[in-house]
Participant: 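Attaching a single structure in C-alpha cells format; questions to follow.
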2 protein chains.
Amino acid sequence: MPVTVLLVDDEPLVRAGLRAVLEAQPDIEVVGEAADGAAVIPLVRQLRPDVVAMDVRMPLLDGIEATRAVLRTVAEPPKILVVTTFENDEYVYEALRAGADGFLLKRARPAEIVHAVRLVAEGESLLFPASVRRLAAEYGEGDGNRAARAVMERAQLTEREAEVLRLMARGLSNAEIAERLVVGTETVKSHVSAVLAKLGARDRTQAVIAAYESGFVAPG
Amino acid sequence: MPVTVLLVDDEPLVRAGLRAVLEAQPDIEVVGEAADGAAVIPLVRQLRPDVVAMDVRMPLLDGIEATRAVLRTVAEPPKILVVTTFENDEYVYEALRAGADGFLLKRARPAEIVHAVRLVAEGESLLFPASVRRLAAEYGEGDGNRAARAVMERAQLTEREAEVLRLMARGLSNAEIAERLVVGTETVKSHVSAVLAKLGARDRTQAVIAAYESGFVAPG
DNA sequence: GATCGTCTCCCCCGTGCGGGGGAGGCTCGC
DNA sequence: GCGAGCCTCCCCCGCACGGGGGAGACGATC
C-alpha cells in the first residue's frame with residue numbers, strides 16, 4: 001500500500017513540481033491537491049491521505065491555521081509536512097507548535113523531499129538540520145533555535161538513543177561508542193540509525209549539528 | 001630521518017609508557033628524558049629534539065613556565081606538546097598561550113599519541129576536539145572553550161579551508177560542497193583533509209564539533 | 001496470555017569518506 | 001628569476017558508515 005499525499009499550495013507550479021517529484025516514486029501516490037487552506041478539511045475527510053504537504057503562506061487560511069483546524073476536527077488526522085519557501089521562518093516553529101510533524105524547504109532536493117514524506121508517513125517527526133542552521137543564520141537569533149528545539153523534543157529519542165547521540169556529539173566512532181557502552185558495534189549501528197531517522201539527519205555529522213542547534217548538547 | 005622526541009614528566013611510569021608507545025614506531029625516536037622542567041633547557045640545547053612532550057604539573061618548574069623558557073631562550077625551538085592528566089584543564093590554555101603547539105590527554109590511545117607527535121612535528125597545531133569537549137563539560141564554562149578557541153586560532157586555516165569547514169558545519173557532503181563552491185570533489189577532499197589535519201580531527205564529525213566548541217560557528 | 005516498545009545482535013551491500021601519494025598553475029614576495 | 005603558499009585536480013585503496021532486512025529477550029501494559 002503506497003503512501004498517499006495531499007498537496008496544499010496556492011501556486012500551481014509548486015504543486016506540479018511536488019507531484020512530479022513524488023509520483024516518480026512507486027510507493028508514493030498524490031491523491032489530491034488544494035490551492036488554499038480552507039479547502040483542506042473536506043479534502044482530508046474525503047481522501048484520507050497519509051500525509052498533507054502544506055504550504056505556510058496561503059490566502060484565506062494559512063498553513064498554520066489549517067494545521068490547527070485539521071488536527072482539531074479530523075479523527076485520526078494525517079501527518080502534516082509544512083512546506084516553506086525559506087523566507088518565512090518565523091512560521092515554521094509556529095507550525096510545529098500547532099502540531100505539524102516536520103517541515104521542508106522548497107529548495108530541497110527531490111531525494112530529500114521524498115525522504116521527508118516517507119519519514120513523516122512512518123510516524124517520525126523530522127527536519128533537516130542543515131536547513132535549520134541556514135534559517136537561523138539568516139534570520140537572527142532565536143527562531144531557528146526554537147524550531148530546532150521543538151523538533152528535538154518531538155523526536156522522542158529513547159534513553160539509549162539519547163546516550164548514543166551524546167557520545168556521537170563527542171566525536172566517538174561506532175566502535176568507540178560500543179566499547180564505552182559495553183555492547184556490540186551492530187547494536188550501536190542500530191541506535192545510530194534510529195537517531196538519524198528520528199532527527200531526519202542524513203549522517204552522523206548532521207545529527208551532531210542538530211544536537212548543537214537544538215541545545216541537546218551545548219558548546220563550552 | 002625520524003622524529004626525535006624529548007620526554008618531560010616527573011613520573012617515571014608515564015615516561016616509560018610514552019617511550020614504549022612512541023618507540024614502537026619506526027619513524028619516531030625518543031632521544032632523552034627529563035623529570036623536571038628545570039632540566040629541559042639544557043637538554044633541548046644538547047639534544048635538539050623535534051618535539052618536546054611535556055607534562056604540565058611538575059615540581060620546581062611546571063610545564064607552562066618551562067614552555068615559556070624554552071621558547072624564549074632557544075633559537076629554532078622544538079614543537080611543544082603539552083601532556084595533561086585530565087584534571088588540570090585550566091593549565092591547558094595557559095600552555096597554549098605560552099606557545100605550546102598542542103596538547104594531549106594521558107589517557108589517549110597509543111594511536112592518538114603517535115598521531116599527535118607526528119602532527120606537531122610536521123608543524124601543525126592540534127587538539128582532540130572530543131577531549132576539549134570532555135574537559136569543558138567537567139570543569140564549568142569558559143576554560144575548555146578558551147582552550148578550543150586558542151587552538152582554532154592557531155590552526156591557521158586558509159580562507160578556502162575555513163569556507164569548507166563552515167559548509168561542513170552545515171551538514172553538507174563533499175559532493176554538495178563541491179557543487180556549492182563550483183570545484184571538483186577531489187578539491188574538496190583536499191581541503192577537508194587539510195582541515196582535519198590542522199584541527200587534529202579524525203573525521204568530519206570531530207571537525208564540526210571543534211568548530212562549535214571554538215565558536216568558529218555558533219548555534220542559533 | 002498477548003501485544004508493544006526497547007535493547008540487543010545478525011546478515012548483506014553500496015558508497016562516501018579519509019589516507020597516501022603526486023602534480024600543474026597561480027600569485028606574492030624576496 | 002625563483003621559491004613559497006595556495007588552490008586545483010588526479011590516482012589508488014581500505015574501511016567505517018549507513019540502508020534494508022530480520023530476530024530473540026525482556027519488561028510493561030492491556
Side-chain angles (χ1 to χ4, degrees), chain A residues 25-27 109 111-112 114-116 118-119 121-124 126 129-130 155-165 167-169 171-208 210, chain B residues 25-27 109 111-112 114-116 118-119 122-124 126 129 155-165 167-169 171-208 210:
Chain A
Q25 303 300 318
D27 60 327
R109 317 172 140 205
E112 291 176 338
V114 168
H115 184 59
R118 288 210 186 95
L119 277 181
E122 289 166 7
E124 307 288 2
L126 91 163
Q156 295 278 30
L157 298 183
T158 67
E159 269 191 41
R160 204 56 158 171
E161 286 160 0
E163 205 170 356
V164 168
L165 178 55
L167 294 175
M168 287 164 69
L172 304 199
S173 66
N174 288 340
E176 288 167 346
I177 294 173
E179 195 179 339
R180 187 76 65 94
L181 299 182
V182 199
V183 297
T185 58
E186 296 298 329
T187 303
V188 174
K189 285 177 65 176
S190 292
H191 292 314
V192 170
S193 290
V195 168
L196 298 186
K198 287 185 177 179
L199 298 185
R202 186 178 50 196
D203 49 48
R204 66 200 300 111
T205 306
Q206 287 193 352
V208 169
Chain B
Q25 304 299 316
D27 62 327
R109 316 172 140 205
E112 290 176 338
V114 168
H115 183 60
R118 289 210 185 96
L119 277 181
E122 289 167 7
E124 308 288 1
L126 89 163
Q156 295 277 31
L157 298 183
T158 67
E159 270 191 39
R160 205 56 161 172
E161 287 160 0
E163 206 170 355
V164 168
L165 178 54
L167 293 176
M168 288 165 68
L172 303 199
S173 67
N174 288 341
E176 287 167 346
I177 293 173
E179 194 179 339
R180 188 75 66 96
L181 298 182
V182 198
V183 296
T185 58
E186 295 299 328
T187 302
V188 174
K189 286 177 64 175
S190 291
H191 292 314
V192 170
S193 290
V195 169
L196 298 186
K198 288 186 177 178
L199 298 185
R202 185 178 51 194
D203 50 49
R204 66 200 300 111
T205 305
Q206 287 193 353
V208 169

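Chain letters run A, B, ... following the sequence lines, proteins first, then strands; residues in each count from 1. What you are looking at is a predicted structure, and each value in this text was computed from that prediction instead of being measured.
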Participant: Starting at atom CG of A:D203, determine the distance to atom C1' of D:dA16, rounded to an integer number of angstrom.
Facilitator: 13 Å
Participant: Mind calculating the distance between CG (A:D27) and P (D:dG20) to the nearest angstrom?
Facilitator: 10 Å
Participant: Nearest 0.5 Å, please: how far is CG in A:L167 from CD in A:E163?
Facilitator: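 Interatomic distance, A:E163 CD to A:L167 CG, rounded to 0.5 Å: 6.5 Å.
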Participant: Send over the distance from A:E161 CD to C:dG5 C1', rounded to a whole Å.
Facilitator: 11 Å
Participant: Using a heavy-atom distance cut-off of less than 4.0 Å, which residues of residues 181-190 of chain B contact DNA chain D?
Facilitator: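 Within residues 181-190 of chain B, the residues near DNA chain D are B:V183, B:G184, B:E186, B:T187, B:S190.
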Participant: Among the nucleotides D:dC17, C:dC17, C:dC7, which one has an atom lying closest to any side-chain atom of B:S173?
Facilitator: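 Ranking D:dC17, C:dC17, C:dC7 by closest atom to the B:S173 side chain puts C:dC17 first.
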Participant: What is the distance from CD of A:E176 to C1' of D:dC17, rounded to the nearest Å?
Facilitator: 14 Å
Participant: Using whole Å, what does the distance between atom C1' of nucleotide D:dC7 and atom CD of B:E163 come to?
Facilitator: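 Spelled out: CD on B:E163 to C1' on D:dC7 is 12 Å.
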Participant: Which pairs would a plain distance check flag for residues 181-196 of chain B, meaning a side-chain donor or acceptor within less than 3.5 Å of a matching protein atom at least two apart in sequence or in another chain?
Facilitator:
residue, atom, partner, partner atom, Å
B:S190, OG, B:E186, O, 3.3
B:S193, OG, B:K189, O, 3.1

Participant: Does some side-chain heavy atom of B:N174 sit less than 4.5 Å from a side-chain heavy atom of B:R204?
Facilitator: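 Answer yes - side chains close enough.
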Participant: I need the CD-C1' distance between A:E179 and C:dT8, as an integer number of Å.
Facilitator: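 Answer to the nearest Å: 18 Å.
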Participant: Are A:L165 and A:E161 close enough that some pair of their side-chain heavy atoms sits under 4.5 Å apart?
Facilitator: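 Sidechains of A:E161 and A:L165: no contact.
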Participant: I need the CD-P distance between B:E159 and D:dT8, as an integer number of Å.
Facilitator: 11 Å
Participant: Between A:G171 and B:R202, what is the shortest heavy-atom contact and its length?
Facilitator: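 Distance-wise, the nearest heavy atoms are O-NH2, 3.0 Å.
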Participant: In whole Å, I'd like the distance from the CD atom of B:Q206 to the C1' atom of C:dG18.
Facilitator: 13 Å
Participant: How far apart are the closest heavy atoms of A:A201 and A:A207, and which atoms are they?
Facilitator: CB-N, 3.6 Å
Participant: How bent is the helix from C:dG1-D:dC30 to C:dC30-D:dG1, measuring the angle between the end axes built from five pairs each, rounded to 10°?
Facilitator: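 Terminal axis comparison yields 40°.
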Participant: It should be established whether A:N174 places a side-chain nitrogen or oxygen under 4.0 Å from OP1 or OP2 of nucleotide D:dA16.
Facilitator: no
Participant: Between B:T158 and D:dG5, is there a side-chain N or O to OP1/OP2 distance below 4.0 Å?
Facilitator: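 B:T158 to D:dG5 OP1/OP2: no side-chain N or O under 4.0 Å.
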Participant: Compare side-chain N and O positions of B:R202 against OP1 and OP2 of C:dG19 and report whether any pair is under 4.0 Å apart.
Facilitator: no
Participant: Within the structure, does a side-chain N or O atom of A:H191 lie under 4.0 Å from either OP1 or OP2 of C:dT8?
Facilitator: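 Checking A:H191 against C:dT8: at least one side-chain N or O falls below 4.0 Å of OP1 or OP2.
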Participant: First locate atom CD of B:Q206, then atom CG of B:D203, and finally report the distance between them rounded to the nearest 0.5 Å.
Facilitator: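 If I round to the nearest 0.5 Å, the distance is 5.0 Å.
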